[in-house]
Amino acid sequence: MKSFALVRADDSDKVKIALHDLERYGHIQFSATPKRIEPAYADELLVSVMGVSLKSKCNSAALVELNNHAGAAISRLKKIHPPAHIIIISPRHKMFEELASKFSKYPEFDRTFTHPKNSQNMEIVQEKGEISNPMPKE
């Protein structure tokens, strides 16, 4: 039976890393592309699933449908330490049906990383002659 993973973090880079960690180190299979959801909604979902008050709000969140059974996903999640808060939502949770019906309507979560250009480091590398033009200028 399918389940969802809700990934909440301070910023989108941490969400991206956590999604990568779920696949790579947790060996959790996604059945669909991760979707971006509003951080406030992610906070509501956390409170609903966990049944506790919110300690801190998130600034970025993603929802992904999993091929793995919820119990297996939770077991694998315990073995890794992603830089985000991850909650597994199974069919036994009351909001599961709502998420399942709305999932396809959410926009895709952009998983690409943007590397800030650090001109000082580039100048040092170029002085040493190691790389002449590592990144094209935009």
Side-chain angles (χ1 to χ4, degrees):
M1 186 170 293
K2 293 185 179 183
S3 56
F4 290 102
L6 170 67
V7 183
R8 303 169 59 251
D10 295 333
D11 60 61
S12 62
D13 282 345
K14 288 181 181 179
V15 173
K16 293 172 189 177
I17 292 167
L19 289 168
H20 176 264
D21 288 355
L22 284 174
E23 288 181 304
R24 173 85 184 217
Y25 304 112
H27 305 287
I28 294 175
Q29 297 174 344
F30 298 170
S31 62
T33 304
K35 304 289 186 165
R36 182 178 52 83
I37 62 170
E38 290 299 318
Y41 184 53
D43 292 341
E44 288 177 31
L45 290 171
L46 169 73
V47 170
S48 178
V49 170
M50 301 300 291
V52 296
S53 60
L54 190 64
K55 291 183 181 179
S56 63
K57 294 182 178 185
C58 69
N59 295 318
S60 183
L63 184 69
V64 64
E65 188 176 34
L66 307 178
N67 272 338
N68 305 77
H69 184 273
I74 291 168
S75 177
R76 291 176 182 180
L77 180 59
K78 288 180 180 181
K79 296 177 182 178
I80 62 173
H81 302 285
H85 194 194
I86 301 173
I87 293 103
I88 305 299
I89 302 171
S90 72
R92 72 180 184 93
H93 295 101
K94 65 181 179 180
M95 79 293 300
F96 180 85
E97 291 302 322
E98 177 185 334
L99 289 174
S101 66
K102 292 182 177 179
F103 184 77
S104 63
K105 297 175 184 170
Y106 294 129
E108 284 189 15
F109 186 84
D110 181 12
R111 294 179 70 180
T112 58
F113 284 94
T114 55
H115 299 289
K117 294 181 181 180
N118 190 334
S119 60
Q120 184 179 7
N121 286 347
M122 296 306 290
E123 288 172 9
I124 292 170
V125 170
Q126 286 178 349
E127 285 176 11
K128 292 181 177 182
E130 294 174 5
I131 300 174
S132 59
N133 189 11
M135 293 190 303
K137 293 189 179 194
E138 297 177 6

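- Under the 3.5 Å distance criterion, the side-chain polar atoms of Asn68 are matched with a main-chain donor or acceptor of Gln29.
- Of all heavy-atom pairs between Arg111 and Phe30, the closest is NH1-CE1, 3.7 Å.
- Judged by distance alone, with hydrogens and angles left aside, the side-chain atoms of Ser60 form no donor-acceptor pair with the main-chain N or O of Asp13 at under 3.5 Å.
- Interatomic distance, CD of Glu23 versus CG of Asp21, reported as 10.0 Å (0.5 Å rounding).
- Separation of atoms NZ (Lys2) and CD (Glu65) is listed at 4.5 Å; rounding is to 0.5 Å.
- Scanning both residues, Asp11 and Lys14, for their nearest heavy atoms gives OD1-N, 3.0 Å.
- Taken to the nearest 0.5 Å, the OG atom of Ser56 stands 8.0 Å off from the CG atom of Asp43.
- In this structure, CD on Glu108 lies 4.5 Å from OG1 on Thr33, to the nearest 0.5 angstrom.
- With rounding to the nearest 0.5 Å, the separation of CG in Leu45 from SG in Cys58 is 10.0 Å.
- Ile89 places a side-chain heavy atom less than 4.5 Å from the side chain of Leu99.
- Heavy-atom minimum distance, Lys16 versus Thr112: NZ-O, 2.6 Å.
- Just one residue in the list Ile17, Leu66, Ile80 forms a side-chain contact (heavy atoms from CB on, under 4.5 Å) with Leu22, and that residue is Ile80.
- Under the 30°/60° scheme for interplanar angles, the aromatic rings of Phe103 and Phe4 are found to be tilted.
- When all heavy atoms are compared, the tightest approach of Ile86 to Pro82 is CD1-CG, 3.5 Å.
- Checked by atom type and distance alone, the side chain of Lys79 never pairs as donor or acceptor with a backbone atom of Gly26 at under 3.5 Å.
- At a threshold of 4.5 Å between non-hydrogen side-chain atoms, the residues Leu6 and Tyr41 do not count as touching.
- Distance CG/Leu63 to CZ/Arg36: 12.5 Å, rounded to 0.5 Å.
- Across all non-hydrogen atoms, the minimal contact from Ala61 to Pro39 is CB-CA, 4.4 Å.
- Taking all atoms of both residues into account, the shortest heavy-atom contact from Phe109 to Ala62 is CD1-CB, 3.8 Å.
- At least one donor-acceptor pair closer than 3.5 Å links the side chain of His69 to the backbone N or O of Gly71.
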